[in-house]
There are 2 protein chains.
Amino acid sequence: MEAVAARAGVSRATVSRVVNGGDGVREPLVERVRQAVEELGYVPNQAARSLVTRRHDAVAVVIAEPETKVFADPFFALQLRGISKELTAHDSQLVLLLTEGRADHARVGRYLAGGHVDGALVFSLHLDDPLPGLIHGVPTVYGGRPGWIDGSRGAVYVDCDNRGGAREAVRHLVGLGRRNIGHITGALDQTSAVDRLDGFRDVMVDADPRLIAEGDFTPGGGERAMRELLDRCPDLDAVFAANDLTAVGAMRVLRERGRRVPEDVAVVGFDDMLPFTEQADPPLTTVRQDIEEMGRLMARLLLRGLDRTASASGGLAGAPSSVVLPTTLVRRASA
Amino acid sequence: MEAVAARAGVSRATVSRVVNGGDGVREPLVERVRQAVEELGYVPNQAARSLVTRRHDAVAVVIAEPETKVFADPFFALQLRGISKELTAHDSQLVLLLTEGRADHARVGRYLAGGHVDGALVFSLHLDDPLPGLIHGVPTVYGGRPGWIDGSRGAVYVDCDNRGGAREAVRHLVGLGRRNIGHITGALDQTSAVDRLDGFRDVMVDADPRLIAEGDFTPGGGERAMRELLDRCPDLDAVFAANDLTAVGAMRVLRERGRRVPEDVAVVGFDDMLPFTEQADPPLTTVRQDIEEMGRLMARLLLRGLDRTASASGGLAGAPSSVVLPTTLVRRASA
DNA sequence: TTGAAAGCGCTAACAA
DNA sequence: TTGTTAGCGCTTTCAA
């Protein structure tokens, strides 16, 4: 920077002004400085800049899930796309942090607390996850309702109406005349899975507990759970799966066991993960949530909070609070 | 930090020493400082630290591909896992940067040049990619041979023997008695695709150009190319696909057109992407490369270079140079 | 509109 | 072994 200033025949302060937009600097000078920057290939040192501005123009996305799962699940891809678009529009860099296991959590916690980013978007939190405790003083928006919310903590999150959507799905099955309706849950250490199970129970008030099998949001988990369900209740005539991936696994097992979908067993999923659901055989009836929009919204909420912080002060205080998006049932052939 | 020093009754320098490992500080003092840190919830400011140490304990992984593609291709997941393991062992944070479109490239370039990370691992570069030019003064290891290598540039990369592997695959088909062997290429703006095509040509010296169809490493691209191939050369009896995903798409079309695999058309893939290849119908014969190992190696090369830089100086100079890993043909049922 | 100068929070010589 | 001190490279008052 010193060199640039010298070459342009100005002070370092002026170089700084030009580099940061050039407001309040006379045109000819701006030009001279720009040229010097160009010629010397000067790139401002972000560490120094952040040290004084306390801004980083970067936002971390933390996914508390091993890479294999992250990359196998199109859910994250969609969510990330929404986030990415929004951040890009705000000229902020998306920094993706993957965490596998506890040790990683500590490191990610340090990374966030160390002030590398302006804020964090955190996903796929599990019930006893230590991460929230480690995120200290970094404005954060959660993807999906965090498990430890007692109402008072006031964490900001974006979620869809998991319970309502599940209710709608199960009511649809009931409306179809189905009586032995099973449910394959998601990973029950995540609130989305718990909420969907609650929705199922809202409708099937005293469902036989044998009609509920635990899955983990993966096709493999769906297969295992479907087998359990069929073994325990051979007269099953419908299944509500906690997500589409699970439903796909379940349908595989149903076919394998000679049950027709939807004639013998009707199936409803959750998410409406295109093109999965449309290309499934038969095309999957499911509860749609707008995943990309959720991502966008998370980013917007965070950025708005940051702007507010900049002018006023105090974390995300006064920032817009959590958002719960509606779901809609999409009827296709499977139920 | 000032506060911690005061509370522990020591100087800031001592606090710094304790926070950074506590060497050369007497035990009782270490304890006092640790406690003060604890009580005050002190977290060192990384920007300040980096400003003086010029280290960040973070490495960027740049994937020059839109999220959709990144997340749809298990290749990246495997590679990332290898990288992640190696970086974690070195207590370095993995920072994933996705780039979609040119505008992002500039931003990523700025991010890297701005000194947020100690080094970069760059993947999936396309031939005319501007990224290498934007990466300025940041030690970098490439995943796959960069297209612009004229031999002299001396970029460090890790790759597998694409050309040799392709040769082996095609020779295998020839050995099976196949004569009309087609090839579905990958995205030809990536060297891996070009190298595999070259390997194909090495064996099929004067192959009819109509036996070569351009794909893009995706199942969809494989489908399109397979259709082309069948339309142009109905007497085709074998296909070498540029990767397993492409092969899966090709097999889908073959089945659709009533060709049996391998009886009518033998198929060989590339990568050996488990469990894809084993669960394909029929199980896919393919050229194996150890993707996770490549990731590990990339990280190791970079870190070794960084350590070297620390003691000696001058980029990755003198660092271990590029590595090309061998491939092996894995015979299954498809050829 | 420009420049001089005071830090941002930390580490690393150097002295004590 | 500990403390003192001088920056790291930048932004930002404040004065000119």
Side-chain angles (χ1 to χ4, degrees), chain A residues 1-34 36-37 40-58 110-111 113-118 136-138 310-311 313, chain B residues 1-34 36-37 40-58 110-118 136-138 309-311 313:
Chain A
M1 187 176 198
E2 193 70 61
V4 173
R7 189 177 192 100
V10 298
S11 71
R12 281 161 35 204
T14 299
V15 173
S16 172
R17 288 183 189 112
V18 171
V19 168
N20 291 297
D23 295 342
V25 179
R26 241 187 283 270
E27 191 46 47
L29 265 199
V30 171
E31 214 33 68
R32 278 229 305 281
V33 174
R34 288 249 163 80
V37 165
L40 272 55
Y42 165 74
V43 179
N45 178 322
Q46 294 300 329
R49 182 200 292 246
S50 294
L51 185 56
V52 33
T53 61
R54 291 158 172 302
R55 297 191 62 264
H56 306 270
D57 295 319
R110 254 181 287 141
Y111 186 87
H116 287 275
V117 293
D118 299 320
H136 200 84
V138 182
S311 44
S313 73
Chain B
M1 186 176 199
E2 194 70 60
V4 173
R7 188 176 194 102
V10 298
S11 72
R12 281 162 33 203
T14 299
V15 173
S16 172
R17 286 193 265 260
V18 172
V19 168
N20 291 296
D23 295 343
V25 180
R26 241 186 282 270
E27 191 48 45
L29 265 198
V30 172
E31 214 34 66
R32 278 228 304 282
V33 174
R34 287 249 163 81
V37 166
L40 273 56
Y42 164 76
V43 179
N45 177 321
Q46 293 299 329
R49 180 199 291 241
S50 293
L51 186 56
V52 34
T53 61
R54 287 153 178 302
R55 297 191 61 264
H56 307 268
D57 295 318
R110 255 181 287 140
Y111 186 87
L112 294 177
H116 287 275
V117 292
D118 299 320
H136 200 84
V138 182
T309 314
S311 45
S313 72

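Throughout, a chain's letter reflects where its sequence line sits, starting with A, and its residues are numbered from 1. Because only heavy atoms are used, hydrogens play no part in the values below, and waters and symmetry mates are left out as well, while side chains stay in.
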Chemist: Would you check if B:L29 and B:R32 make a side-chain contact, meaning some heavy-atom pair closer than 4.5 Å?
Modeler: yes
Chemist: Please list each protein N or O that sits under 3.5 Å from an N or O in nucleotides 13-16 of chain C, with the distance.
Modeler:
none

Chemist: Testing the basics here: between B:L40 and B:R7, what is the closest heavy-atom pair and its distance to 0.1 Å?
Modeler: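 For B:L40 and B:R7, the tightest heavy-atom pair comes out as CD1-CD, 3.2 Å.
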Chemist: Going 5' to 3' along DNA chain D, which nucleotides are the first and last within contact of chain A (any atom under 4.0 Å from a heavy atom)?
Modeler: D:dG9 to D:dT13
Chemist: Find which nucleotide of DNA chain D each of A:Q46 and B:T14 is nearest to by heavy atoms, and output the residue with the more 5' nucleotide.
Modeler: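 Looking at the nearest nucleotide for each, B:T14 comes out on the 5' side.
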Chemist: Taking all atoms of both residues into account, what is the closest heavy-atom pair of A:A5 and A:R12, and its distance?
Modeler: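 Shortest heavy-atom contact: CB-N, 3.9 Å.
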Chemist: Expected output is a numbered-order residue list: members of residues 18-25 of chain A with a heavy atom under 4.0 Å from any atom of DNA chain C. What is it?
Modeler: A:G24, A:V25
Chemist: Of the non-hydrogen atoms in B:R17 and B:V25, which two are nearest, and what is the gap between them?
Modeler: CB-CG2, 3.8 Å
Chemist: Applying ring-ring contact (aromatic ring centres under 6.0 Å, His included), can you list everything that pairs with A:H56, at least two apart in sequence or on another chain?
Modeler: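 Listed in chain order: nothing, the list is empty.
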Chemist: Nearest 0.5 Å, what's the CG-OG distance between B:L51 and A:S50?
Modeler: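 The CG atom of B:L51 sits 10.0 Å away from the OG atom of A:S50.
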Chemist: Show the nearest heavy-atom pair for residues B:V15 and B:V33, with the distance to one decimal.
Modeler: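 Smallest heavy-atom distance, with atoms named: CA-CG1, 4.1 Å.
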Chemist: Between the protein and nucleotides 6-9 of chain C, list every N/O to N/O distance that falls short of 3.5 Å.
Modeler:
from	atom 1	to	atom 2	distance (Å)
C:dC8	O3'	A:R54	NH2	3.1
C:dG9	OP1	A:R54	NH2	2.3
C:dG9	N2	B:A48	O	3.3

Chemist: For residues 42-49 of chain B, please give each side-chain donor-acceptor pair under 3.5 Å, one per line with the distance, not counting sequence neighbours.
Modeler:
from	atom 1	to	atom 2	distance (Å)
B:N45	OD1	B:A47	N	2.7
B:N45	OD1	B:A48	N	3.0
B:R49	NH1	B:N20	OD1	2.8

